[in-house]
Novice: 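Let me begin by handing over the structure; questions about it come next.
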Amino acid sequence: WTQVISRSTAIASSLNAHQLAHQQTMDDLNNIADRLSLSFDMKVRLRKFFLRSQAQHEYQAWQEILSRMSPQLRRDTYREVNVHWVKKVRFFDGCSTNFLTGIAEILEIKMFGEQEHFGQLFHMYIMMGGTASRVINFNLLLPGMIWGEDHLLLSNPNLVCSNIAVSLTVVEVQELSKEGFDSVLEDFPDHAQILRKEVVKFIVIRGVKRLAQLTLEAREKKEGLGRSPTTSPASAWDKRLVSAGDDIESGAGSPELNRGKTLDLDGNAQSVID
């Protein structure tokens with residue numbers, strides 16, 4: 001009976017090696033946190049993060065398995081796993097399977113704890129798990145949602161929208177950098193023409209918005225426009241934007257516009273105009 005019990009225990013232990021590894025990590029975390037005399041709040045944050053990141057051990061094991069595959073088998077596997085998420089990017093619709101496979105191969109998984117800000121310039125993100133909120137507009141980011149696509153196509157930091165988000169729970173995202181995107185695009189020069197239309201579209205829309213913002217700021221400085229305490233920033237912006245649009249359509253309101261010249265803006269605005 002001793003042999004039966006010992007062998008049964010060994011078999012049960014080997015059935016879920018990842019769960020055992022996670023439990024061992026939690027035990028190590030508790031012991032080390034006590035030895036370092038960490039505060040109670042810090043211990044809670046650490047336990048929350050590792051309790052909700054049990055899949056990290058499976059991900060590390062999966063990366064080890066991928067490293068042992070042949071190059072072609074690894075590419076095919078990446079395509080099976082990640083191409084579903086890559087196809088969610090709107091401007092990848094007309095791209096070939098080989099191009100999408102190259103993009104799927106360079107996606108990186110990142111994890112962030114609760115109430116952490118994340119989002120790097122010139123990076124696109126795909127939400128895989130958890131919930132977050134974008135800082136720029138407070139939109140909720142749920143699994144399957146993508147943001148920061150413009151960071152792959154544009155190179156001027158003044159024209160891209162902020163991709164910074166704050167995690168509401170422990171989140172898992174896939175990250176794609178512009179540097180990696182450009183490296184894949186170099187191997188598919190014919191796709192540059194396909195994406196050119198989207199690049200020009202982003203440049204025109206963001207450039208006009210940026211120019212309008214700088215124009216209104218310059219008019220504020222010149223004319224001393226103030227906002228009443230009861231006026232919200234959004235309504236004040238809308239009124240000024242409508243006023244600027246009326247002036248442009250009528251050709252009135254600014255002698256520079258009447259003479260067919262640009263407004264006297266700062267150097268940054270002039271670079272946008274150029």
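As a basis for the values below, the full set of heavy atoms in this structure was taken, side chains included, without hydrogen atoms, waters or symmetry mates.
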Novice: Which heavy atom in Pro157 sits nearest to a heavy atom in Ser155, and how many Å separate them?
Specialist: CD-O, 3.5 Å
Novice: Identify which one of Ile194, Leu195, Asp150 satisfies the side chain to side chain contact (heavy atoms under 4.5 Å, CB included) criterion when paired with Phe91.
Specialist: Leu195
Novice: When you measure from the side chain of His123 to the backbone of Leu121, do you find a donor-acceptor pair of N or O atoms at a distance under 3.5 Å?
Specialist: yes
Novice: Does the side chain of Gln120 come within less than 4.5 Å of Glu175's, by heavy atoms?
Specialist: yes
Novice: Quick one: are the ring centres of Phe92 and Phe99 less than 6.0 Å apart?
Specialist: yes
Novice: Do Met128 and Val86 sit in the same hydrophobic cluster, where Ile, Leu, Val, Met, Phe, Trp and Tyr count as joined when their side-chain heavy atoms come under 4.5 Å apart?
Specialist: yes
Novice: Does atom CD of Glu116 have more than 12 heavy-atom neighbours, drawn from other residues, nucleotides or ligands, at distances under 6.0 Å?
Specialist: yes
Novice: Could you check whether any side-chain N or O of Asn163 sits under 3.5 Å from a backbone N or O of Phe122, counting only pairs where one atom can act as donor and the other as acceptor?
Specialist: no
Novice: Look up atom CZ in Phe202 and atom CG in Leu152, then write down how far apart they are to the nearest 0.5 Å.
Specialist: 9.0 Å
Novice: Give me the atom names and distance for the closest heavy-atom approach of Lys178 to Leu154.
Specialist: CE-O, 3.5 Å
Novice: For Met69, does its backbone N or O pair with a side-chain atom of Arg74 as donor and acceptor, under 3.5 Å?
Specialist: yes
Novice: Could you grab the distance from atom CZ of Arg134 to atom CG of Leu141, nearest 0.5 Å is fine?
Specialist: 7.0 Å
Novice: Testing the basics here: between Val89 and Asp93, what is the closest heavy-atom pair and its distance to 0.1 Å?
Specialist: O-OD1, 4.0 Å
Novice: Examine distances only and state if a side-chain atom of Ser133 and a backbone atom of Leu140 form a donor-acceptor pair shorter than 3.5 Å.
Specialist: no
Novice: Closest approach of Leu107 and Asn82, non-hydrogen atoms and distance?
Specialist: CD1-CB, 4.0 Å
Novice: Would you say Met111 ends up clustered with Phe118 if hydrophobic residues are merged whenever their side chains have heavy atoms under 4.5 Å apart, either directly or through other cluster members?
Specialist: no
Novice: Is there a donor-acceptor pair under 3.5 Å between the side chain of Tyr78 and the backbone N or O of Ile106?
Specialist: no
Novice: Considering all heavy atoms of both residues, which atom of His117 and which atom of Val135 are nearest to each other, and what is their separation?
Specialist: CD2-CG2, 4.0 Å
Novice: Is Trp147 close to Met127 at the side-chain level, that is, under 4.5 Å between some pair of heavy atoms?
Specialist: yes
Novice: Decide, yes or no, whether a salt bridge links Lys221 with Glu217 under the criterion of side-chain N to carboxylate O below 4.0 Å.
Specialist: no
Novice: Mind listing the closest non-hydrogen atom pair of Gly130 and Pro143 along with its distance?
Specialist: O-CD, 3.4 Å
Novice: Say you draw a straight line from CG of Asn156 to CZ of Arg210; how long is it, rounded to the nearest 0.5 Å?
Specialist: 8.5 Å
Novice: Side chain of Arg47, backbone of Met26: donor and acceptor closer than 3.5 Å?
Specialist: no
Novice: Is there a chain of hydrophobic side chains (I, L, V, M, F, W, Y, each step under 4.5 Å between heavy atoms) that links Leu73 to Val81?
Specialist: yes
Novice: Let me confirm one number: the CG-CD distance from Asp76 to Glu105, rounded to the nearest 0.5 Å.
Specialist: 10.0 Å
Novice: Do His151 side-chain atoms and Tyr125 backbone N/O form a donor-acceptor pair below 3.5 Å?
Specialist: no
Novice: Hey, is Asp41 close enough to Arg45 for a salt bridge, meaning N to O under 4.0 Å?
Specialist: no
Novice: Quick check on the hydrophobic clustering: are Leu46 and Val44 connected, directly or via other members, by side-chain heavy-atom contacts under 4.5 Å?
Specialist: no
Novice: Would you mind reporting whether Glu172 and Ile109 have side-chain heavy atoms less than 4.5 Å apart?
Specialist: yes
Novice: Are the side chains of Lys48 and Glu114 in touch, meaning some heavy atoms are under 4.5 Å apart?
Specialist: yes
Novice: Are Ile103 and Ile146 linked, directly or through intermediate hydrophobic residues, by side-chain heavy-atom contacts shorter than 4.5 Å (ILVMFWY only)?
Specialist: yes
Novice: Has Thr131 got a side-chain atom pairing as donor or acceptor with Thr169's backbone, closer than 3.5 angstrom?
Specialist: no
